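Scroll down for the structure; my scribbles are underneath it.
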Protein chains: 2
Amino acid sequence: MTPSAQSAQPRRSDATRAAILRAARERFAADGYERATIRAIAADAQIDPSMVMRYYGSKEGLFAAAAEFDLRLPDLTSVPPARLGEVLVRHFLARWEGDETLVALLRAASTNPGAAERMRGIFADQLTAAVAAFGTDRALTARRAGLVASQVLGLAFTRYIVRLPPMVDTAPDELVAWIAPTLQRYLTGTPPS
Amino acid sequence: MTPSAQSAQPRRSDATRAAILRAARERFAADGYERATIRAIAADAQIDPSMVMRYYGSKEGLFAAAAEFDLRLPDLTSVPPARLGEVLVRHFLARWEGDETLVALLRAASTNPGAAERMRGIFADQLTAAVAAFGTDRALTARRAGLVASQVLGLAFTRYIVRLPPMVDTAPDELVAWIAPTLQRYLTGTPPS
DNA sequence: AACCGTTGCCAACATCTGTTGGCAAACATG
DNA sequence: CATGTTTGCCAACAGATGTTGGCAACGGTT
């Protein structure tokens with residue numbers, strides 16, 4: 001993300017690189033992995049398709065770069081325990097509406113094994129880590145995180161991908177009110193026998 | 001589905017048609033719409049690619065035929081009201097494990113507009129109809145159905161598509177125990193202000 | 001000014017895609 | 001048997017796709 005992590009001096013082509021990445025995210029989000037063609041991405045970025053190859057190696061490499069994503073989950077230990085669910089849904093909704101990277105990842109994960117692997121990594125690592133902050137049983141923690149992921153990804157899938165009318169039309173606040181108790185129970189509820 | 005609805009006599013090519021449809025469902029489920037090529041489907045069915053075109057017109061036509069699906073939702077009015085959630089999750093899980101058509105539809109819906117439209121139709125029509133059986137407020141009914149869809153599709157997405165380990169490893173009965181209360185509340189819970 | 005790495009474009013490649021038309025064999029019908 | 005229809009395969013087309021190599025222009029360094 002930050003342009004000069006290992007390469008000390010910024011290159012002259014950083015603008016081009018960024019334009020490609022932005023166009024790639026848009027196309028991947030709108031069309032999915034296979035329908036988003038390098039030519040179309042290059043056209044959006046107003047450069048030649050061969051530049052995409054030079055800077056990102058391959059289509060897979062481009063996607064890997066475009067799908068870099070940090071959920072930026074808050075520290076759940078500093079959240080009032082009773083409001084965990086609400087904070088989480090609200091955070092996810094905001095994160096989703098503000099950055100199309102997640103939609104790109106979601107669309108691509110359905111058909112591209114690499115994208116699915118990336119998605120697994122994000123939710124297994126970041127979400128599980130956040131949930132683990134207030135639980136000791138590792139298997140139970142993983143299960144709680146998985147359940148939260150199932151509801152949150154289902155929300156995203158129905159709202160941004162399939163676009164089910166009731167899920168698209170409902171205001172974020174009302175969605176939060178409905179879904180928060182679900183996450184709350186997945187996070188803190190007593191596990192079934 | 002039934003081979004002789006309008007055409008009185010069964011054709012000699014019915015076996016071929018069925019083989020194509022079966023192979024198509026498998027490929028669409030495994031690879032998604034764009035990666036499932038007509039050539040691969042034809043190879044699986046052990047016939048020539050051109051036969052697919054003759055019998056189903058186009059790739060879209062083939063998908064439309066392969067993605068025909070009935071949720072076979074039970075009549076919710078004859079279910080004990082307190083067990084609505086449990087019955088629903090269990091039904092969906094069984095339906096999903098037993099028929100790969102839904103997985104095909106789910107994968108394809110991410111990238112193919114026609115598949116998304118089909119998915120919208122299935123959940124808007126069949127699920128909303130089932131939910132409408134015990135509610136009068138139409139907007140609220142649609143919202144309840146949408147919420148149920150979000151959790152059920154999220155379950156399917158994480159378990160069958162992304163294959164999040166905790167969602168794959170957890171036994172169906174335990175998933176039911178966790179998720180049933182969620183659907184129960186979406187179906188019968190008091191709506192937020 | 002001479003030099004060299006960078007940036008960019010053009011043209012082309014090999015391959016794969018959905019799709020089409022024609023032709024031979026199998027079958028059914030008179 | 002003769003006729004028409006159905007089933008199947010082969011070969012091919014037109015277009016799109018990821019990817020590559022070469023070549024000109026630019027920019028900084030010595």
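Every value quoted in this text rests on a predicted model; they were computed, and no experiment measured them. Chain identifiers are assigned alphabetically (A, B, ...) following the order of the sequence lines, protein sequences preceding nucleic acid strands; residue numbering begins at 1 within each chain.
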Would you please name every residue forming a side chain to side chain donor-acceptor pair (under 3.5 Å) with Asp44(A), sequence neighbours left out?
-> Arg27(A)
Do Ser110(B) and Tyr33(B) have side-chain N/O donor and acceptor atoms under 3.5 Å apart?
-> no
Strictly by modelled atom types, are Arg107(A) and Thr111(B) linked by a side-chain donor-acceptor pair under 3.5 Å?
-> no
Within residues 48-64 of chain A, those residues having any heavy atom closer than 4.0 Å to DNA chain C are Asp48(A), Ser50(A), Met51(A), Arg54(A), Tyr55(A)
Distance from Leu153(A) atom CG to Thr158(A) atom OG1, nearest 0.5 Å?
-> 10.5 Å
Salt bridge flag under 4.0 Å for residues Glu86(A) and Arg90(A) | yes
Atom-to-atom span, CD1 of Ile41(A) to C1' of dA16(D) - whole angstrom | 15 Å
Write down the distance between CG (Asp31(A)) and C1' (dT17(D)), rounded to a whole number of angstrom.
-> 15 Å
Gln126(B) (side chain) donor-acceptor with Phe69(B) (main chain) under 3.5 angstrom | yes
Please answer whether the main-chain N or O of Leu84(B) pairs with a side-chain N or O of Gln184(B) as donor and acceptor at a distance below 3.5 Å.
-> yes
Report, as yes or no, whether the 6.0 Å neighbourhood of atom CZ on Arg22(A) holds more than 12 heavy atoms from other residues, nucleotides or ligands.
-> no
Using a cutoff of under 3.5 Å, can you pull out all pairs of nitrogen or oxygen atoms linking the protein to nucleotides 26-30 of chain D, with atom names and distances?
none

Start at the 5' end of DNA chain C and walk down; is the nucleotide closest to Tyr33(B) or to Gln46(A) reached first?
-> Gln46(A)
Of the listed nucleotides dT19(D), dT7(C), dT17(C), the one nearest the side chain of Arg39(A) | dT19(D)
